[in-house]
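One structure below.
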Amino acid sequence: IEHQLIDSVTGRIALLEKNYEQAVESFSSAYDKKQSDGNAIQLAQSLKFNGQQQEAERVLENLLEKDTNNLKIRFLLAELYSSENRSKRIAQYQAIVDIVPESLLALNNLAWNQYENGQITMALTNAKQAYSLAADNRAILETYGVILVAAGKYNESIKILEEAISKGSSDAQVKASLVEAKASLK
């Protein structure tokens, strides 16, 4: 019996057993039989685990060519891209924000990746937008505060970073940014 569900179950078992080569083979077969989001995601995951990063990216990129508004695939693809590939991450998060302008996760991740890529002005714009939508969210406060310091807005950053810490942030970069902001005002 040949059916994509059998291939999918075989692939899941192979993943659990860390037999990534078998998982790739099973999920490839499942995806060939039924090109669904789920099969594409499982194939991309098994390719990544098997050390085939570019092939994993290509599977999701090809799926996006057919459905450019697929937010789930865009989020997964953005996370799949390595940190050395920030411009590709930024492009995916920007596409999500273009579709859903109030997506907190996309705005925050877009801002952080822009910050990491040295695009401080753009990062500040997106972090501020996320903050305006969820001023009590710790992750948003962390991102916004760190970016405010990078932008040289020390007075504003101190309030934001102290609030992030009061909400339980233990992020080393948040604490270092707070120290930097306070030192810059002396």
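Keep in mind that this is a model prediction, so the values were computed, not measured.
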Any pair counted as ring pair (Phe, Tyr, Trp, His ring centres under 6.0 Å), so long as it reaches [range], sequence neighbours left out:
| range | answer |
| --- | --- |
| residues 95-115 | W112-Y115 |
| residues 135-166 | Y131-Y144 |
| residues 16-58 | Y20-F49 |
| residues 83-103 | none |

Indicate yes or no: at least one non-hydrogen side-chain atom of I90 is less than 4.5 angstrom from one of Q119.
yes
For residues Q22 and S46, determine if any side-chain heavy atom of one lies less than 4.5 Å from a side-chain heavy atom of the other.
no
Which residues satisfy the side-chain hydrogen bond (donor to acceptor under 3.5 Å, both in side chains) test with [X], sequence neighbours excluded?
| X | result |
| --- | --- |
| Q45 | none |
| K18 | none |
| Y81 | E61 |
| Q52 | N50 |

Would you kindly say whether [X] and [Y] are connected by a side-chain donor-acceptor distance under 3.5 Å?
| X | Y | result |
| --- | --- | --- |
| S8 | Q42 | yes |
| Q94 | D98 | yes |
| S26 | D7 | no |
| K33 | S29 | yes |

Could you tell me which residues satisfy salt bridge (Lys or Arg N to Asp or Glu O under 4.0 Å) with E163, sequence neighbours excluded, listed by chain and number?
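Partners of E163 under the salt bridge (Lys or Arg N to Asp or Glu O under 4.0 Å) test: none.
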State which residues pass salt bridge (Lys or Arg N to Asp or Glu O under 4.0 Å) with K34; sequence neighbours excluded, sorted by chain then number.
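So K34 forms no salt bridge (Lys or Arg N to Asp or Glu O under 4.0 Å) with any residue.
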Which residues satisfy the side-chain contact (heavy atoms from CB on, under 4.5 Å) test with D32, sequence neighbours excluded?
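So D32 forms no side-chain contact (heavy atoms from CB on, under 4.5 Å) with any residue.
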Would the number of heavy atoms belonging to other residues, nucleotides or ligands and lying under 6.0 Å from CD of E102 be above 12?
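It does not: E102 CD has 12 such atoms or fewer within range.
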Counting heavy atoms not belonging to E116, are there more than 12 under 6.0 Å from its CD?
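Atom CD in E116 is crowded, with more than 12 foreign heavy atoms closer than 6.0 Å.
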ILVMFWY clustering at 4.5 Å (side-chain atoms), partners of V9
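Under the 4.5 Å side-chain rule, V9 groups with I13.
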So, taking the atom named CZ in R138 and the one named OG1 in T143, what distance separates them when rounded to the nearest 0.5 Å?
11.0 Å
In the single-linkage hydrophobic clustering (I, L, V, M, F, W, Y; side-chain heavy atoms under 4.5 Å), do [X] and [Y] co-cluster?
| X | Y | result |
| --- | --- | --- |
| V179 | L161 | no |
| M122 | I120 | no |
| L124 | L104 | yes |

Between K175 and E180, is there a salt bridge with N-O shorter than 4.0 Å?
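Here E180 does not pair with K175 in a salt bridge, since their nearest N and O are not under 4.0 Å apart.
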Mind listing the closest non-hydrogen atom pair of A23 and A14 along with its distance?
N-CB, 3.5 Å
